[in-house]
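Chain letters run A, B, ... following the sequence lines, proteins first and then strands; every chain starts at 1.
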Amino acid sequence: MKRYFLVDCNNFYVSCERVFNPKLHNKPVVVLGSNDACVIARSNEAKALDIAMGAPAFECKELFKKHNVIVYSANFALYGDMSNRVMQTLTHYATDIEIYSVDEAFLCAPHYAGPENQEQYFYYSYATMLRSHTHQYTGIPVSIGIGPTKTLAKVANKLAKKYKKLNGVFDITDHPALDTILASIAIEDVWGIGSRYAKKLRNHHITNAQEFKYTDEKWVRKNMTIVGLKTLYELRGISCFPLEESPQPKQSICVSRTFGKKINNILSAKEALASYVSCAAEKLRKQQTLTAHITIFALTNRYDDPHNYFRSAHCQLPIATDYTPQLITAANRCLEQIFKRTYQYKKVGVILSDLVPHDFRQMNITTPPLHNIIKQNKQMETIDRINTKWGRNTLFFAASGIEQPWKMHQAHKSACFTTNWHELLTITI
DNA sequence: TCTGGGGTCCTAGGACCC
DNA sequence: TCTGGGGTCCTAGGACCC
């Protein structure tokens, strides 16, 4: 039977920090998200202290102090690079692989042609090998779940993480106690069932994965769309979510950040927005696409005014483009439409959509002359090349401002050990 | 009082994931 | 005082067409 492997890095961001600072082992460690606002990763020791995922940092202050919890600001350059190393290692061993997120990959093992009674053992050994090699080559510990569908591999992974005696690998394929295992998985912990559906299902007296597995298909189709029905089939061992090996170009690109402090003047907001637009345009060019539609949004504090904290504006561009100055101009125009001086803003963002491959550039009567476009392309290529070689924002647009008072706070950030020559780890003997 | 039927496209909103 | 960021997919309903 075909098996899906789900390789999941343990407490990924914390594990990345531990690779470069071994003193962090066996201690409670947390990583905070942007502006050091809330907890986005926890070591097992921190989980044992009941520090919740997404908990606001200010609510945990006492707890951190009391238990000497070590706190880091998110270092996404480091985590991104460590993720690449893990995925490269896995790609080396797997025949088919889908990189699902920064810390997870689905993959399939090489075809097994030996005696049937040793098949299970073959896959188990393969997973154990993957696990130890990933740890050896990257320093990152992983857990591996194996199952006949992705959803069941997810369940298996959960168990591999939960029970230490499994040594980080669990195969749920043809398991004699499958239904008992599923009965121990709360409905909201099933992959594809979020809080809304979980609530709906609980109201319908379905509380765990096993009960959901045997729920009436028609009811599920009606109340949870085709996607919910696929999840149900997957729990029954019928694969509905195939491995997606070649990553598709993104259909939209969004960049937004919460400010380090609130802003009520449009000049600062425009600077921040210009900086996010530059970042989004860079992503656009990286995947070789153009955008024809730009949306910008601005948020005030949603806890102060839950019904009226979000405003957005959008505009269609005359022709698809990836030219940063043109996008900044369009973004500014949109911002002017919605910005109110009397408000305290805490965040702005940009979404680029209607993305098309850049060699499909559609010309029309307003298209600037070809030599202009060639010149613009050269400018952008040069900027991207310099920033790739010498680090992000070596060259930036003056529209992003110099002082950047809106920039986020990160008080406890580790060094970019693997992506910045000036921050390499030094070892003194 | 009667006021078609079937199709496509677009958008907003709601659900989910990490 | 402080409560993240970046994506995808599906569906219902309205606009529009013949």
Considering only NZ, NE, NH1 and NH2 on the basic side and carboxylate oxygens on the acidic side, decide whether A:E217 and A:K222 come within less than 4.0 Å. no

Nearest-Å distance for atom pair CD/C1', residues A:E244 and C:dG7: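 After rounding, the gap between these two atoms is 14 Å.
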
Closest nucleotide among C:dG6, C:dT3, B:dC18 to the A:P56 side chain: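 Nearest to the side-chain atoms of A:P56, counting from C-beta on, is C:dT3.
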
Go through C:dT11, B:dC17, C:dG4 for me and flag the one nearest to the A:W191 side chain. B:dC17

For A:Q287 and C:dG6, give me the distance from atom CD to atom P, rounded to whole Å.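 Roughly 15 Å, once rounded to whole Å.
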
Within the structure, does a side-chain N or O atom of A:S34 lie under 4.0 Å from either OP1 or OP2 of C:dG5?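 Yes, A:S34 has a side-chain N/O under 4.0 Å of OP1/OP2 on C:dG5.
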
Checking the side chain of A:Y13 only, and the main-chain atoms of A:R42 only, is there a donor and an acceptor separated by less than 3.5 Å? no

Base, sugar-phosphate alone, or nothing: which one does A:N35 contact when heavy atoms must sit under 4.0 Å apart? nothing

Determine: side-chain N/O of A:R196 to OP1/OP2 of B:dC17, distance under 4.0 Å, yes or no. no

Interatomic distance, A:Y13 OH vs B:dC18 P [rounded to whole Å]: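 From A:Y13 OH to B:dC18 P: 12 Å.
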
Can you tell me which stems DNA chain C forms, taking runs of 3 or more consecutive Watson-Crick or G-U pairs with both distances under 3.5 Å?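 Output for stems: B:5-18 with C:5-18.
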
Let me know, please, whether A:F76 or A:P249 comes out on the 5' side of the other along DNA chain C by nearest nucleotide. A:F76

OP1, OP2 of C:dC2 versus side-chain N and O of A:K262: anything below 4.0 Å?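 Indeed, a polar side-chain atom of A:K262 lies that close.
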
Determine whether a donor-acceptor pair (N or O, by modelled atom type, separation under 3.5 Å) exists between the side chain of A:S268 and the backbone of A:N265.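 No, the answer is negative, given that no donor and acceptor are paired below the 3.5 Å cut-off.
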
Return the value, rounded to whole Å, for the distance between atom CG of A:D103 and atom C1' of C:dG7.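 In whole Å, C:dG7 C1' and A:D103 CG are 15 Å from each other.
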
C:dT3, OP1 or OP2 - any side-chain N/O from A:K346 closer than 4.0 Å?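 For C:dT3, OP1/OP2 do have a side-chain N/O of A:K346 under 4.0 Å.
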
Does A:T225 make a side-chain N or O approach to OP1 or OP2 of B:dA15 shorter than 4.0 Å? no

For the side chain of A:C254, counting heavy atoms from C-beta on, which of C:dG4, C:dT8, C:dG7 is nearest? C:dG7

Under 4.0 angstrom, heavy atoms only, what part of the nucleic acid is A:K154 near: base, sugar-phosphate, or nothing? sugar-phosphate

A:D36 CG to C:dT3 P, straight-line distance once rounded to whole Å: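 To the nearest whole Å, that distance equals 11 Å.
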
Using a 4.0 Å heavy-atom cut-off across all strands, classify A:V39 as base, sugar-phosphate, or nothing.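 Contact class for A:V39: none.
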
It should be established whether A:Q248 places a side-chain nitrogen or oxygen under 4.0 Å from OP1 or OP2 of nucleotide C:dT8. no

Does A:K347 have a side-chain nitrogen or oxygen under 4.0 Å from the phosphate oxygens OP1 or OP2 of C:dG5? yes

A:Q251 CD - C:dG6 P separation (whole Å): 18 Å

Starting from C1' on C:dG6, measure out to CD1 on A:I351 and report it in whole angstrom.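 About 10 Å, once rounded to whole Å.
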
I want to check one thing: is the phosphate of C:dT8, taken as OP1 and OP2, less than 4.0 Å away from some side-chain N or O of A:S252?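 Yes.
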
Does A:K150 qualify as a cation-pi partner of A:F106, given the criterion of NZ or CZ under 6.0 Å from the six-membered ring centre and within 45 degrees of its axis?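 Ring-cation test returns yes.
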
From the set B:dC18, C:dG7, B:dA15, return the single nucleotide nearest to any side-chain atom of A:Y197. B:dA15

Which is true for A:E59 with a 4.0 Å heavy-atom rule: it touches a base, it touches only sugar-phosphate, or it touches nothing?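 Touches nothing.
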
Select base, sugar-phosphate, or nothing to describe what A:L32 touches, counting heavy atoms under 4.0 Å on all strands. nothing

From CD of A:Q344 over to P of C:dC2, roughly how many Å is that when rounded to an integer? 10 Å

Could you tell me whether the side chain of A:Q210 and the main chain of A:A183 form a donor-acceptor pair under 3.5 Å? no

Residues A:K199, A:E188: salt bridge by 4.0 Å N-O rule: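 Between A:E188 and A:K199 there is no salt bridge, as every charged N stays at least 4.0 Å from the carboxylate O atoms.
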
Just call it for A:V102: base, sugar-phosphate, or nothing, with non-hydrogen atoms closer than 4.0 Å on any strand. nothing

What distance do A:R385 atom CZ and A:T394 atom OG1 have between them, rounded to the nearest 0.5 Å?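 Result: 13.5 Å between the selected atoms.
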
The side chain of A:Y100 is closest to which nucleotide in this list: C:dG4, C:dG5, B:dC18? B:dC18

For C:dG4 versus B:dC17, give the span between their C1' atoms, rounded off to a whole number of Å.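 Looking at atom C1' only, C:dG4 and B:dC17 are 15 Å apart.
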
Is it the case that the side chain of A:N35 and the backbone of A:T258 share a donor-acceptor pair, with hydrogens and angles ignored and the cut-off at 3.5 Å? yes

Within the 4.0 Å heavy-atom criterion, would you say A:K199 contacts the bases, only the backbone, or no part of the nucleic acid?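 Here A:K199 touches no strand at all.
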
Test item: A:S256 side-chain N/O and A:G349 main-chain N/O as donor-acceptor pair under 3.5 Å: no

